[in-house]
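The chains referred to below are lettered A, B, ... by the order of the sequence lines, with proteins before strands, and numbering in each begins at 1.
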Amino acid sequence: MNNEHKRILEALLFASAEPLAPKDLHERMPEGADIGGLLKALQEDYKGRGIELVDMENSWAFRTAPDLGDALALERNVSRKMSRAALETMSIVAYHQPVTRAEIENIRGVATHKGTLDALIEAKWVKPGRRRETPGRPLTWVTTPEFLDQFSLSSIMDLPGLDDLKASGLLDRRPAIDALPAANDLFSAVEDEENDEGFGDEADNY
Amino acid sequence: MNNEHKRILEALLFASAEPLAPKDLHERMPEGADIGGLLKALQEDYKGRGIELVDMENSWAFRTAPDLGDALALERNVSRKMSRAALETMSIVAYHQPVTRAEIENIRGVATHKGTLDALIEAKWVKPGRRRETPGRPLTWVTTPEFLDQFSLSSIMDLPGLDDLKASGLLDRRPAIDALPAANDLFSAVEDEENDEGFGDEADNY
Amino acid sequence: MNTETSRKAEFKEDPPRLPLNQIADETDQLLLNIDGYEGPLEVLLELARNQKVDIMKISILQLVRQYLVFIERAKALNLELAAEYLVMAAWLAYLKSRLLLPKTDDGIEPSAQEMADALQFQLKRLEAMQKSVGELMKRPQLGQDIFTRGQPEGLPIITKTRWDASLYDLLSAYGDIKRRGDEQHYDLPEFNVMSTEDAMSRLKKMLGNLPRKGVSSVWATLQSFMPERIVDRIYGRSALASTFTAGLELVKQGKLEIKQDAPFRPIYMRGLYAEENVE
C-alpha cells in the first residue's frame with residue numbers, strides 16, 4: 001500500500017464537493033495507483049469514526065456517520081417538499097428501473113402529471129436511461145448516484161425490501177389490467193423486455 | 001477520552017460550513033465534553049494523513065494537507081487559436097525585433113489593443129527586451145526560445161523570406177513622416193539592428 | 001400467478017358483505033378526500049385496505065361492489081369525478097358480471113378469474129410501491145441525518161493552453177499586414193528636412209571634433225553646428241530644431257551642456273566626456 005497515494009486519494013475525496021466516480025479518480029490519481037485497494041483501505045481506516053467513506057455504486061464520498069444524525073447540531077436542509085405523486089414515482093423508478101413513463105403510469109393507475117417527473121429530475125434523483133428497443137423506442141428512467149446519496153444506499157441492490165418484492169413477483173412492470181387511461185401505449189412497451197437489466201425480468205417467465 | 005464525543009466532534013468539524021471556535025463547539029457538543037482534549041486527540045489522529053485538523057486563530061477546521069496541493073490538481077491541455085491581431089503582432093516582433101509598441105502599431109497601421117501583446121506575453125512567445133535609449137525610454141519586445149519552439153525554427157534568422165523582405169524595404173519600421181500619432185519615438189534611429197546598443201556606445205568610439 | 005389456486009377457491013362462494021352503513025361511511029369519507037387520491041386505482045386500494053386483510057385475500061367481488069357504490073354516491077351528490085374513475089367503473093362492472101356468470105372459456109378473452117387476478121396484482125403492486133416510499137423515507141437522509149463536507153475546497157484544474165498556430169499562419173499574418181499596407185498606400189508630400197536622427201549623428205560627430213578642455217569641450221554656438229549654405233528654408237528650420245532637440249537629448253544623457261545668457265541671446269553648447277576618455 002503506497003501511503004502517499006492513500007494520502008492523495010483521501011485529500012481528493014475530502015476536497016471534492018461531489019462524489020467521485022472511478023473516471024475522476026483515475027484522472028487525478030498518480031499513474032499506477034491501486035485505486036480499488038486504496039479505497040478499501042481508506043474505508044477501513046474510517047470505520048467507526050465520525051466520518052465514513054461511502055460507496056455509491058462506485059462513486060465515492062466522505063459523509064458523516066449515519067448514526068450521529070441526531071447528535072449533530074447542524075443546520076438541516078429544509079427538505080424539498082416532494083409531492084406524494086413524486087415520491088411514489090421515485091419509488092417506482094427505483095424499484096423497476098429502467099422503466100418507461102407508460103409503465104410508471106400503469107403501475108400507479110394514473111396519467112403522470114407533468115410536474116411529477118420534472119421535480120425528480122430537478123432534484124437529480126432520476127435521469128433518462130436508454131431507450132427501450134421496442135416500437136416507439138420509449139425512453140426509460142433510472143435513478144442517479146445522487147438518489148443513492150440522498151437515501152444512503154450504496155447500490156440499488158440495497159433498496160429496502162428489494163428481495164421480498166422480487167420474490168413475490170411484484171416488480172413485474174407489465175400492465176395488469178387495461179382499463180386505465182395510460183393503457184393505450186402500454187402494449188407497445190412490453191414486447192421485448194429480454195435486453196432489460198431491471199429486476200422485472202422474471203416476469204418474462206409468466 | 002470519550003470516543004462518542006470524538007466522533008461527534010469529528011463529524012461537526014467535517015460538516016460545518018465554517019471553521020468552528022471553541023465557543024461554537026461548546027454550544028454544539030454534548031454537555032461536559034472535553035473539547036480541548038478532543039481537538040488535540042483528533043489533530044493527533046490526522047497527523048500525517050491527507051487531511052489535517054488545523055487551528056486558524058482558534059477556529060478549527062479540516063483542510064487537505066498543504067503539501068498535496070499540486071498532487072490534487074488536474075492538468076488539462078486546451079488547444080486554442082491565436083487571434084489574427086496577435087499573429088500579426090507576433091510576426092512584426094519576429095521580423096522587426098527589438099521593436100517598440102509604437103513601432104508595432106505603426107507597422108500594423110492600426111492601434112494595438114493592450115490585450116494583444118498580453119496574449120503573446122502569456123504564451124511566452126515575446127518578452128521585453130532592453131529599453132530604447134530615446135526619449136521616454138520605450139520598452140522593446142523580442143522573441144523567446146518558446147517562440148522558436150512553437151514554429152519549429154532553430155533561429156530567428158531562419159524565418160523564411162527575411163532577406164527578401166528586407167530588400168523590399170518592407171522592414172523599414174520608421175514612419176513615413178514623424179507626424180503620425182504613434183511616432184512618439186523620435187529618436188528611433190538605429191543603424192545597427194543586430195546589437196542595438198543605443199547612442200552611448202557609439203559615442204564612446206568617437 | 002402464484003396465488004391462483006387460492007383465488008379460484010374464493011370466488012365460489014358469495015363473499016361476506018359489509019354492513020351497508022359502514023360502506024356508506026367509508027364512501028363518503030373517500031369522496032370527502034377525493035383530491036388526496038391519485039386516481040381510481042388508489043381509491044380501490046383504499047377500499048381494499050378497509051377490508052383489513054392482505055390484499056391477496058380480499059374479496060374482489062366485494063371490492064367491485066364498494067367501488068360501484070362509491071361511484072353511485074358521487075353521482076347522487078353531483079360530484080364531478082375525473083373520467084378515469086368512470087372508465088374504471090365500467091371495467092369493474094364488466095368484471096363483476098363476468099365473475100357472477102357461469103364460467104365460459106372461449107379461449108380468446110381472458111377469463112374472469114384472470115381479470116380479477118390482474119386487478120389484485122395491480123393493487124398489490126401499487127401497495128408495495130407505496131410501502132417502499134415509506135421505507136425509503138425512513139432511511140437516514142442527506143442533509144437531515146447525514147452531512148456532506150461543509151467547506152469543500154473543490155478540485156483544482158490547471159489548464160495548459162496549447163496554441164494552435166503554424167509558421168504558415170504567422171507568415172500569412174505578416175503578408176496581410178503587407179497587403180493592407182499596399183492597399184492603403186498613398187504618396188506623402190516629400191519634405192526636405194533634417195531628421196532628428198541625422199541631426200544627432202552630425203552633432204555627435206562634430207562634438208567629437210571640438211577642441212577639448214579637461215572633461216569638456218570648448219563652448220560653441222548652436223548656430224555653428226548648422227550646415228553651411230542652406231538654401232531651403234524648411235530644411236534650415238528643421239535642421240535648427242532637430243539639432244537643438246538632439247542637443248537636449250544629449251544633455252539628458254549627460255554628454256552635453258547648453259547655456260543661454262538671456263532670452264534671444266545665442267545658445268552655447270559644449271560636449272562633456274566621460275572620465276576614462278580624457279587624454
Below 4.5 Å, heavy atoms only, C-beta onward: do [X] and [Y] meet side chain to side chain?
| X | Y | result |
| --- | --- | --- |
| A:Glu103 | A:His96 | no |
| A:Lys127 | A:Trp141 | no |
| A:Leu171 | C:Met129 | yes |

Is the ring centre of C:Tyr67 less than 6.0 Å from the ring centre of C:Trp91?
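No, the ring centres sit 6.0 Å or more apart.
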Where on [X] is there a heavy atom nearer than 4.5 Å to chain C: the side chain, the backbone, both, or neither?
| X | value |
| --- | --- |
| A:Leu165 | side chain |
| A:Ala61 | neither |
| A:Ile92 | both |

Select all residues of residues 7-33 of chain A having any heavy atom within less than 4.5 Å of some heavy atom of chain C, and report them by number, or 'none'.
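Within residues 7-33 of chain A, near chain C: A:Leu12, A:Phe14, A:Ala15, A:Ser16, A:Ala17, A:Leu20, A:Arg28.
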Could you name the residues of residues 39-55 of chain A that have a heavy atom within less than 4.5 Å of a heavy atom in chain C?
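Under the 4.5 Å heavy-atom cut-off, nothing qualifies.
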Between the side chains of [X] and [Y], is a donor N or O closer than 3.5 angstrom to an acceptor N or O?
| X | Y | value |
| --- | --- | --- |
| C:Gln62 | C:Arg65 | no |
| C:Glu249 | C:Gln253 | yes |
| A:Asp158 | A:Ser155 | no |

Which pairs, with at least one residue in residues 146-159 of chain C and sequence neighbours excluded, count as a salt bridge (Lys or Arg N to Asp or Glu O under 4.0 Å)?
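Sorted result for residues 146-159 of chain C: C:Arg149-C:Glu153.
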Under a 4.5 Å heavy-atom cut-off, does chain A meet the side chain of C:Glu42, its backbone, both or neither?
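For C:Glu42, the contact with chain A is made by the side chain alone.
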Need one label for C:Tyr37: side chain, backbone, both or neither, based on atoms under 4.5 Å from any heavy atom in chain A.
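Contact with chain A involves the backbone of C:Tyr37 alone.
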Under the side chain to side chain donor-acceptor pair (under 3.5 Å) definition, can you give me all pairs with a residue in residues 68-83 of chain C, not counting sequence neighbours?
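Pairs touching residues 68-83 of chain C that pass the test: C:Asp28-C:Arg73.
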What residue among C:Lys138, C:Lys131, C:Arg139 forms salt bridge (charged side-chain N to carboxylate O under 4.0 Å, His left out) with C:Glu135?
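Going through C:Lys138, C:Lys131, C:Arg139 one by one, the salt bridge (charged side-chain N to carboxylate O under 4.0 Å, His left out) with C:Glu135 is satisfied by C:Lys138 alone.
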